[in-house]
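In what follows, a single structure is set out as structure tokens and then discussed.
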Amino acid sequence: DTGVSQDPRHKITKRGQNVTFRCDPISEHNRLYWYRQTLGQGPEFLTYFQNEAQLEKSRLLSDRFSAERPKGSFSTLEIQRTEQGDSAMYLCASSSGRRTSTDTQYFGPGTRLTVL
Amino acid sequence: GNSVTQMEGPVTLSEEAFLTINCTYTATGYPSLFWYVQYPGEGLQLLLKATKADDKGSNKGFEATYRKETTSFHLEKGSVQVSDSAVYFCALSPAKGSGAGSYQLTFGKGTKLSVIP
């Protein structure tokens with residue numbers, strides 16, 4: 001168990017460019033989550049996958065954002081036509097999905113996006 | 001909707017001082033409650049959790065008790081160390097079966113703790 005990994009750790013881009021982030025969950029974890037964290041705030045939920053199915057999306061996820069988890073393993077989060085307001089830390093988490101009383105989410109180190 | 005309110009930081013304490021970080025929540029039913037910690041330059045780590053009323057979560061000398069009557073989950077440690085310097089986040093996960101959003105974590109804004117020797 002190597003934990004949740006994210007790539008890249010840092011991304012600097014110019015406004016209007018597209019960016020893509022990758023998340024590799026803990027192996028055999030069925031659920032995968034994306035959150036966004038801005039400076040001085042707690043993480044905010046963006047979207048959630050159960051295996052390859054995207055089951056929930058926050059209203060924060062505008063149509064410029066798209067997330068996929070094609071084979072139920074790793075996931076990608078793409079932002080098209082980036083805006084300065086997209087600058088944030090993007091966090092990925094995974095959980096086992098077992099039917100226990102609590103399905104604890106484990107977080108990756110995050111990808112810090114800076115839009116110039 | 002669900003919400004979590006934490007005490008404003010930053011909090012600065014001397015080594016071996018007693019720590020309390022207040023956390024209250026708003027949610028229907030019996031959510032699960034968590035404390036996560038974010039050390040400088042690192043990702044969020046689960047510190048402790050509690051899943052039902054009167055449960056006490058504990059880890060690394062930290063404790064928090066799920067108080068349904070006061071909708072609180074305050075974090076405490078009897079004697080802090082310099083290595084405890086970090087940002088602490090209180091979070092909740094909605095009660096199972098509460099419908100859409102049942103798997104979303106709702107976080108507080110975080111409390112930055114600095115411990116000085």
Side-chain angles (χ1 to χ4, degrees), chain A residues 2-7 9-10 21 23-26 29-51 53-61 88-112, chain B residues 1-10 21 23 25 29-53 55 57 59 66 73 86-112:
Chain A
T2 57
V4 178
S5 61
Q6 293 187 245
D7 184 68
R9 295 290 304 275
H10 303 275
F21 311 140
C23 170
D24 287 88
I26 294 170
H29 272 193
N30 294 329
R31 294 185 180 144
L32 187 147
Y33 314 78
W34 286 98
Y35 292 81
R36 183 173 70 185
Q37 184 179 17
T38 53
L39 199 61
Q41 303 294 317
E44 296 175 291
F45 172 80
L46 292 178
T47 190
Y48 144 67
F49 290 84
Q50 172 84 33
N51 299 312
Q54 188 174 18
L55 297 185
E56 288 180 21
K57 291 196 291 186
S58 162
R59 65 183 186 281
L60 292 175
L61 212 67
M89 178 77 86
Y90 290 84
L91 299 170
C92 177
S94 70
S95 66
S96 66
R98 285 193 299 266
R99 291 181 178 271
T100 58
S101 60
T102 303
D103 193 24
T104 301
Q105 296 182 28
Y106 297 90
F107 284 79
T111 294
R112 181 169 295 283
Chain B
N2 300 328
S3 67
V4 174
T5 303
Q6 288 181 236
M7 63 185 284
E8 297 277 332
I21 300 178
C23 171
Y25 68 89
Y30 289 83
S32 295
L33 301 174
F34 306 84
W35 278 100
Y36 282 85
V37 58
Q38 190 169 36
Y39 296 103
E42 299 185 15
L44 284 168
Q45 299 177 23
L46 178 67
L47 181 59
L48 52 83
K49 66 182 180 184
T51 60
K52 59 184 186 292
D55 262 3
N59 186 26
Y66 189 142
F73 193 54
V87 181
Y88 293 82
F89 292 93
C90 184
L92 72 80
S93 177
K96 278 193 170 300
S98 59
S102 290
Y103 302 110
Q104 298 178 21
L105 284 174
T106 298
F107 285 86
K109 291 186 176 182
T111 302
K112 183 176 181 180

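Numbered from 1 within each chain, the chains take letters A, B, ... in sequence-line order.
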Exercise. Chain A heavy atoms under 4.5 Å from Q38(B): which part of the residue, side chain, backbone, both or neither?
Worked result: side chain

Under 3.5 Å, sequence neighbours excluded: what are the donor-acceptor pairs made by side chains of residues 35-44 of chain A?
residue: Y35(A); atom: OH; partner: Q105(A); partner atom: OE1; Å: 2.8
residue: Y35(A); atom: OH; partner: L105(B); partner atom: N; Å: 3.1
residue: Q37(A); atom: NE2; partner: Q41(A); partner atom: O; Å: 3.1

Exercise. How close do P94(B) and Q104(B) get, heavy atom to heavy atom, and via which atoms?
Worked result: CD-O, 3.1 Å

Exercise. So what's closer than 4.5 Å to chain B heavy atoms on L91(A): side chain, backbone, both or neither?
Worked result: side chain

For this session: Go through the atoms of R31(A) and report whether side chain, backbone, both or neither lie under 4.5 Å from a heavy atom of chain B.
Result: side chain

For this session: Answer yes if the side chains of T104(A) and K49(B) hold a donor-acceptor pair under 3.5 Å, and no otherwise.
Result: yes

For this session: Establish, yes or no, whether a centroid distance under 6.0 Å links the rings of F89(B) and Y36(B).
Result: no

Exercise. Given a strict heavy-atom distance threshold of 4.5 Å, which part of L46(B) is in contact with chain A: side chain, backbone, both, or neither?
Worked result: side chain

